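Only one structure is covered here, and it is reproduced in the block below.
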Amino acid sequence: MAERAWPGERLVAAAQRGDAESIAALVSGSHPHVRRFAHALCASPQDAEDAAQEALIILYRKIGTLRASGALASWMFRIVRNECLRRARPVLGVRDVPDGAVPSAEDDVLRRLEAERVAAAIAALPADQRRVLIMRDVQGIPGKMTAGALGLSVPAMKSRLHRARAAVHEALEGGHVG
């Protein structure tokens, strides 16, 4: 199945102007991408679903505040990242989880802290590297499509992706994040 593209700038612009049908189409068209972001960034599937839902509510309510209609994907990534981080912070509190659903409190804390570090490392990348990394590694878009969408040659896209992966790896290995 082919990767569905993010909603186009014309739809985003109409939604920004307050057109109700466009807003509904925008939220619907963004949903699969937002879910993919959330599942890649959040510590648990439950947090991912909650973060995706909250991000879509924010999109619905605040689309008019988006400055550039072409910046929808990066705006939504930041919203999802913030929602995942927000859910990772109260890790020591009591959670409504059935017995056996989480292996241990220690494992849960470590998983959430690692997710926060990864999200922070990705967020710290330069925008051009972050876009390539998100499209390839988070969204799973093929290299040729990613390069085309970003107006890059395939070798240039691969170079940016390599630098992005190396920077995230260095940040996580070196402890420079979090």
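Computed over heavy atoms, backbone and side chain alike; hydrogens, waters and symmetry mates excluded. No experiment lies behind these values; they were computed from the predicted model shown.
- Remark: the H33 side chain and the R36 side chain contain an N/O donor-acceptor pair separated by less than 3.5 Å.
- For the pair L72 and P7, the minimum side-chain heavy-atom distance is below 4.5 Å.
- Looking at every heavy atom in both residues, A121 comes nearest to A171 through CB-CB, 4.1 Å.
- In this structure, the separation between NZ on K144 and OG on S153 is 12.5 Å, given to the nearest 0.5 Å.
- In terms of heavy-atom proximity, G143 sits nearest to R136 at N-NH1, 3.4 Å.
- With contacts defined as side-chain heavy-atom distances shorter than 4.5 Å, the pair R35/E49 qualifies.
- Side-chain atoms of Q16 come within 3.5 Å of backbone atoms of L66 as a donor-acceptor pair (strictly under, hydrogens ignored).
- Residues H31 and V34 form no side-chain contact, since every pair of their non-hydrogen atoms from C-beta on lies 4.5 Å or further apart.
- In this structure, F37 has its ring center at least 6.0 angstrom away from the ring center of W75.
- In this structure, the separation between CZ on R78 and CG on N82 is 8.5 Å, given to the nearest 0.5 Å.
- L59 places none of its side-chain heavy atoms less than 4.5 Å from the side chain of I79.
- A donor-acceptor distance shorter than 3.5 angstrom exists from the side chain of S30 to the backbone of L26, with no hydrogens or angles considered.
- Side-chain contact check for L41 versus F77: some heavy-atom pair is nearer than 4.5 Å.
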For the pair V154 and T146, evaluate side chain to side chain contact (heavy atoms under 4.5 Å, CB included) and give the outcome as yes or no after the intermediate values.
CA-CA 8 Å; V154 172; T146 297; over 6 Å; no
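- M145 has its side chain out of reach of M135: every pair of non-hydrogen atoms, C-beta onward, lies at least 4.5 Å apart.
- Scanning both residues, V80 and A55, for their nearest heavy atoms gives CG2-CB, 3.7 Å.
- For M157 against A147, the heavy-atom pair with the smallest separation is CB-CB, 3.8 Å.
- At a threshold of 4.5 Å between side-chain heavy atoms, the hydrophobic network of Ile, Leu, Val, Met, Phe, Trp and Tyr places I63 and Y60 in one connected group.
- Side-chain atoms of R130 come within 3.5 Å of backbone N or O of L125 as a donor-acceptor pair.
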